[in-house]
Amino acid sequence: MPKPLNSGRSRPSRTVRGGGRRPRGASRFGRAYYPQYRTAGMFRQFRSEVSSALADALASLDLPTDDLGIERPPDDMDATLASSVAFRLAGVVGDAPPNVASDVAGAVDVEGYDYLVDVDTAGPYVNFHAGERYLADTLGSAADDEAYGSLPDRDTTTVVEHTSANPTGPVHVGRARNPIVGDAVANVLEYAGYDVDRHYYVNDAGRQMAVFTWAYETFDEDDLDDEPARDRVEYDLVRYYRKGNEFLENADPDAVEAAEAEISAILQGLEGGDEATYERVGEVVDAVLGGMKGCLARLPAEFDEFVKETRFMLDGSTDDVADRLKETEYAVYEEDAWQLELDDWGIDKNLVFLRSDDTSLYTTRDLAHHEWKFENYDRAVTVLGEDHKLQADQLDATLELLGNDVDQLGHVIYSYVNLPEGKMSTRKGTGVMLDDLLDEAVDRARAAVESRMDDRIRDDDLTEEDVERIAHQVGIGAVRYDIVSKQPAKAITFEWEEALDFEAQSAPYVQYVHARCCGILDEAESAGIAVPGVSDPVDVDVAALETDAARELLREVARFPAVIESAAEDLEPHTVATFTREFAEAYNAFYRECPVLTAESDELRDARLAVVAAARHTMANALDALGVEAPESM
RNA sequence: GGGCACGUAGCUCAGCCAGGAUAGAGCGUCGGACUUCUAAUCCGAUGGUCAUGGGUUCGAAUCCCAUCGUGCUCGCCA
């Protein structure tokens, strides 16, 4: 295994406020974080105890143990886990499922388990119950640990490539899913214990950039029809790109031919390693990319590295890939170009990897790029639009035939956001700019904060700065949450009203839970009450928590690490968003039924305070994984 | 036309990969709850042939096949 290039390299510093990333070991709340507290979660342990106990029980009855049928029971059942195994075994033992369930439950031995204390049946289901210690340990680990939900380090380096939009102009909403989903995927993997780098692959070698460079050098400000839509460099420069494309479409044939010759010369210069050409193209690429970075930083989506495509042309690795491909049995030379037949991978379209003039194509360079990833990382994940699906399949197949282990490569495919009237296009200048969406979101959030000021019960006198902070957290959070909470494969048609809906099931709904937690904890602090797990070691009796709502909330807290684990495993951050909603419901029930500061005894108050601290850590980190900020007041 | 996705309440979506308890939320509509740790909250009512038809199974929104609808894709573009 080659040593990762990035090992030992220090991470770029970044803001520690919610929503941004922070280096491992640093904490959201500015205190030191002690990794020994990192726990895989009580739910996961309970689940494995149930598996083991049930398998033993079945074995003792001489029944098959290959399918345990362990599942989460409906909300109205008080069991933590259940098994539907009796349905399947009914045929084997020749008895009705409820009777089988009864026999199985009777054979389960809960002796020796930490959390599994009781088994019973409900009709055909075997139900498993967690004991006090389950809740006590959950409370202890979550109230105590500001990084609760972070799983133990897996010692696995992972590169998440996302966005990678061609540097042709401002980021529009059509592609906004990419940085938002990509950032969340990276966050979730980080929470799951992977060592993640975030990459933006810069397509700086293609025809688009050659056209852009030619247009930028050819046209003057006077030739352009419009003023820049916004005072940032990519809004200025995209006008040259659009002008150039318009010229190529509409100018007289001789002029177009001359232009094409210049564009072709630029492409040849890149392919031939001509330094002057690299500089010319690089000037445009770097300028536009710089502006796009500025836009993405508003989300914020930040990157560890911008990897340029030309790098793999300059270092010879693209040529090397092409040479190796020619040697394979799948290579054919047809119609003056080198192609690959990928029928064995179920792809009937040939992949051209060298043009007739011997120059490389995007995918050829991307192959070299991916082999570079494999050399430097244990795993690679790419977030890309559905229009790149075929290309990704061809890439996978080709990487495999080159001898790479493609199991280490994962894709997240998302569907584009379209306007009701059709696709967004940078070249044509159609589309809603991400900057405009974020501006509008913040404006509306600000208006909402201000209109709520009057009927606020809490007299915490929001300053102008507070209003602005909340407007940003809520406005940007709402845009991100709306996108990250949906399955990426589903198509979205962009509607302003929908994207900016701050009603329930949106970011403010779950952010509010965090703010409510903070409100109680602040109140406790100003009243001089120590908060178990935060200002004190956790030393509370969970038995004091008599209310179902409190215990139910703790059970949700217990699930969080398992939610992170499966979201990371399946590369599905939207499941974390689903969790935040379910968690919010549990918290709101607790909030309604369990007064904390005015609890009837100090013991109960302390226990509930610890629950609030645990809930805060859970929600803060769930939101952080989604890339949504967690406001301390709103 | 071939390939790949998607189709769940009037609308926006979970649930599907690893089949199992009465298919869940929100918005909308209607009706309730603030002298209380924040009402951006909560409670109740309303609303579904899970696109259609078949198949597998004790059991299908979930797996398989077909059909219909929508999107993406099928360049020596990226």
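Keep in mind that what you see is a predicted model, and the values were worked out from it rather than measured. Residue numbering restarts at 1 for every chain, and letters A, B, ... go by the order of the sequence lines.
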- Within 45° cone and under 6.0 Å: A:Arg516 NZ/CZ vs A:Tyr587 ring: no
- Query: For A:Tyr587 and B:C37, is the shortest distance between a side-chain N/O and OP1 or OP2 below 4.0 Å?
  - Reply: no
- Message: Regarding A:Asp336, tell me which of base, sugar-phosphate or nothing describes its non-hydrogen contacts under 4.0 Å with the strands shown.
- Response: base
- Message: Regarding A:Leu597, tell me which of base, sugar-phosphate or nothing describes its non-hydrogen contacts under 4.0 Å with the strands shown.
- Response: base
- Query: Of all the choices, B:C58, B:A78, B:A40, which nucleotide is nearest to the side chain of A:Val474 once you look at every atom?
  - Reply: B:A40
- Task: Have a look at A:Met209 and say if it touches a base, only the backbone sugar-phosphate, or nothing, with a 4.0 Å heavy-atom cut-off.
- Result: nothing
- Which part of the nucleic acid, if any, lies within reach of A:Asn127 when heavy atoms closer than 4.0 Å are counted: base, sugar-phosphate only, or nothing? base
- Query: Counting any heavy atom closer than 4.0 Å, what does A:Cys517 reach on the DNA or RNA strands: base, sugar-phosphate only, or nothing?
  - Reply: nothing
- A:Lys349 NZ to B:G2 C1': how many Å, rounded? 9 Å
- Task: Answer with base, sugar-phosphate or nothing: what part of the nucleic acid does A:Arg581 contact at a heavy-atom distance below 4.0 Å?
- Result: nothing
- Would you kindly compare A:Lys389 and A:Gln339 by the position of their nearest RNA chain B nucleotide and give the one closer to the 5′ end? A:Lys389
- Taking B:G20, B:C72, B:A40 as options, the one with an atom nearest any side-chain atom of A:Asp387 is B:C72
- Scan A:Gly206 against the nucleic acid and name what it touches under 4.0 Å (heavy atoms): base, sugar-phosphate only, or nothing. sugar-phosphate
- Query: Does A:Arg616 pair with A:Glu632 as a salt bridge, N-O distance under 4.0 Å?
  - Reply: yes
- Would you say a side-chain N or O of A:Arg88 is under 4.0 Å from OP1 or OP2 of B:G19? no
- Message: Looking at A:Arg427 and A:Glu249, is there a salt bridge between them, counting it only when a charged N and a carboxylate O are closer than 4.0 Å?
- Response: yes
- Message: Base, sugar-phosphate or nothing for A:Thr578? Non-hydrogen atoms, less than 4.0 Å.
- Response: sugar-phosphate
- Message: Quick test of your reading of the model: are A:Glu603 and A:Arg608 salt-bridged, counting only N-O distances below 4.0 Å?
- Response: no
- side-chain N/O A:His574 vs B:G15 OP1/OP2, d < 4.0 Å: yes
- Message: Using a 4.0 Å heavy-atom cut-off, does A:His388 contact any base of the nucleic acid, only the sugar-phosphate backbone, or nothing at all?
- Response: base
- Among the nucleotides B:A40, B:A25, B:A18, whichever has the atom closest to the side chain of A:Asp570 is B:A18
- Query: Which part of the nucleic acid, if any, lies within reach of A:Pro124 when heavy atoms closer than 4.0 Å are counted: base, sugar-phosphate only, or nothing?
  - Reply: nothing
- Message: Using Watson-Crick or G-U wobble geometry with both distances under 3.5 Å, which nucleotide pairs with B:A14?
- Response: none
- Task: Mind checking A:Arg365 for me? I need base, sugar-phosphate or nothing, with any heavy atom below 4.0 Å counting as a touch.
- Result: sugar-phosphate
- Task: Could you work out the separation of B:C63 and B:G20 based on their P atoms and round it to a whole Å?
- Result: 11 Å
- Task: Could you tell me whether A:Asp482 contacts a base, only the sugar-phosphate backbone, or nothing, with contacts defined as non-hydrogen atoms closer than 4.0 Å?
- Result: nothing
- Query: Under 3.5 Å, side chain of A:Ser360 to main-chain N/O of A:Arg365, donor-acceptor pair present?
  - Reply: no
- Item | Closest-nucleotide ordering on RNA chain B, the 5'-leading residue of A:Asp76 and A:Asp501 | A:Asp76
- Residue matched to B:U70 through Watson-Crick or wobble contacts both under 3.5 angstrom: B:A5
- Does A:Arg516 put a side-chain nitrogen or oxygen below 4.0 Å from OP1 or OP2 of B:A39? yes
- Query: Considering every strand shown, what is the Watson-Crick or G-U wobble mate of B:U56 when both distances are under 3.5 Å?
  - Reply: none
- Provide the Watson-Crick or G-U wobble partner of B:G31, both distances under 3.5 Å; none if there is no partner. B:C43
- For B:A14, take OP1 and OP2 only and decide whether either is under 4.0 Å from a side-chain N or O of A:Lys490. yes
- Message: Regarding A:Val352, tell me which of base, sugar-phosphate or nothing describes its non-hydrogen contacts under 4.0 Å with the strands shown.
- Response: sugar-phosphate
- Task: Find the partner of B:A21: check Watson-Crick (N1-N3 plus N6-O4 or O6-N4) and G-U wobble (N1-O2, O6-N3) distances, both under 3.5 Å, and reply none if neither fits.
- Result: none
- Counter-base of B:A61, judged by Watson-Crick or G-U geometry with both distances under 3.5 Å: none
- Task: Check A:Arg175, A:Lys423, A:Arg177, A:Glu386 against A:Tyr416 for a side chain to side chain donor-acceptor pair (under 3.5 Å) and give me the one that passes.
- Result: A:Arg175
- Counting only side-chain N and O atoms of A:Asn588, is one of them less than 4.0 Å from OP1 or OP2 of B:C42? yes
- Message: Please report the distance, rounded to the nearest Å, between CG in A:Leu390 and P in B:G2.
- Response: 17 Å
- C1'-based separation of B:U41 from B:A60 [nearest Å]: 38 Å
- Task: Determine the contact category for A:Ala90: base if any of its heavy atoms lies under 4.0 Å from a base atom, sugar-phosphate if only primed atoms, P, OP1 or OP2 are that close, otherwise nothing.
- Result: nothing
- Query: Do the side chain of A:Asn127 and the main chain of A:Ala82 share a donor and acceptor less than 3.5 angstrom apart?
  - Reply: no
- Message: Looking at A:Glu556 and A:Arg559, is any side-chain nitrogen of the basic one under 4.0 Å from a carboxylate oxygen of the acidic one?
- Response: yes
